[in-house]
Protein chains: 2
Amino acid sequence: MSTGLDDIDRKVLTCLMRDGRATYAEIGQEVDLSAPAAKRRVDRLRAEGVIQGFTAVIDPSVVGWVTEAYVEVYCSGKVSPTQLRRQFQAVPEVISACTISGSADAMLHLVAEEVQDLERAIGLVRNEDNIEQTRSAIVLSRLFDRPVGPRGRSEG
Amino acid sequence: MSTGLDDIDRKVLTCLMRDGRATYAEIGQEVDLSAPAAKRRVDRLRAEGVIQGFTAVIDPSVVGWVTEAYVEVYCSGKVSPTQLRRQFQAVPEVISACTISGSADAMLHLVAEEVQDLERAIGLVRNEDNIEQTRSAIVLSRLFDRPVGPRGRSEG
DNA sequence: GTTGAAAAGTGAACTCG
DNA sequence: CGAGTTCACTTTTCAAC
């Protein structure tokens, strides 16, 4: 599986992350390629799984998914990532889960419409034998969000 | 400014979040509307800011943005959200920032290519007068991620 | 990269509550 | 009038070469 991206591929990705509905002619213009050539790039990137899909970016506050929380999870005994994935995925409010370094074992990101939905979801997470405790932080206000993308690293 | 979404609007959003490059004919088919009518819906949702844009979903591991961390930030004295936004936004590795409830004041989500990039970025964050301490958790393995969208709430 | 047929986008005139 | 539809016309897609 050689997913070696060349410079043109990276530019194509940048272009599509900025505007997921860009036409192939527009993409081609940015990378000095004809529209069909640009399309072949995009098709290949999709086939390789580099581009997993396209999506609309929605203002969460308008749609009513406004309540968020970050939850640290402390587990007891041995914890298999597979097992954790399965039980966290069962809670629909959990939109992201990962294992982390430090005293906690996992970090969850939850999104819901109401605080009580969060409460219930966190209750479900805690309600498993292998979960020892959780430490939740409700999001008061989101300062900003930006897409992951090719971007300069900080200098310091 | 009444941004009241009706049932059709929500279906349009769901459709575009599942496939950001869906044609207007496809969208129309899902909501029993003609293609031009579907386009007018989408145009209105964009104009209202409900749809903020379209983007490609990229596999981060392929592109090399593999190292992630969650960082709790403890501030001293009065903290203006505007000020916090400005100083966190200055660090390119910070892809998401919010104020939170609990003992910490803010939660940051960082993504970088290498652990030392994270280290440098966290150093930059700490290097402000109003930052008292930080508490970082490096992401060991991402268990799953899923888009925010209209979705069932957990029952419990 | 180029070409051409098929598909999608887009504005205008029209219709219905 | 706001919202949907059909209809012409342009642009884009996409599978040849």
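A note on names: the letters A, B, ... follow the listed sequences, proteins ahead of strands, and every chain is numbered from 1.
Computed from coordinates, the A/Leu33 CG to D/dT12 P distance equals 17 Å when rounded to whole Å. Distance, A/Arg44 CZ to D/dA15 P: 17 Å, rounded to whole Å. With rounding to whole Å, B/Phe54 atom CZ is found 14 Å from C/dG9 atom C1'. Rounded to an integer number of Å, the gap from B/Gln29 CD to C/dA7 P is 14 Å. The CG atom of B/Asp43 sits 8 Å away from the P atom of C/dG11 (whole-angstrom rounding). The nearest whole Å value for the distance from the CD1 atom in A/Ile27 to the C1' atom in D/dT12 is 12 Å.
Contact annotation: side chain of A/Arg40 to base of C/dG1, donor-acceptor pair present below 3.5 Å.
Residues B/Leu140 and A/Cys98 are not in side-chain contact: their nearest non-hydrogen atoms beyond the backbone lie 4.5 Å or more apart. Taking 4.5 Å as the limit, some side-chain heavy atom of A/Leu143 sits within range of a side-chain heavy atom of B/Pro81.
When heavy atoms are screened at a 4.0 angstrom cut-off, B/Ser34 is found touching base atoms of the nucleic acid.
Salt bridge A/Arg120/A/Asp117: present, at least one basic N to carboxylate O contact under 4.0 Å.
Among the nucleotides D/dA15, C/dG9, D/dT5, the one closest to any side-chain atom of A/Pro36 is D/dA15. Among the nucleotides C/dT10, D/dT13, D/dA3, the one closest to the side chain of B/Lys39 is C/dT10. Distances were taken from every side-chain heavy atom of B/Tyr24 (C-beta onward) to each of C/dG9, D/dT12, D/dA3; the shortest belongs to C/dG9.
Checking B/Ala35 against B/Arg21, the closest nucleotide of DNA chain D that is more toward the 5' end is the one next to B/Ala35.
With a 6.0 Å cutoff to the six-membered ring centre and a 45° limit on the axis angle, B/Arg126 does not count as a cation-pi contact of B/Tyr74.
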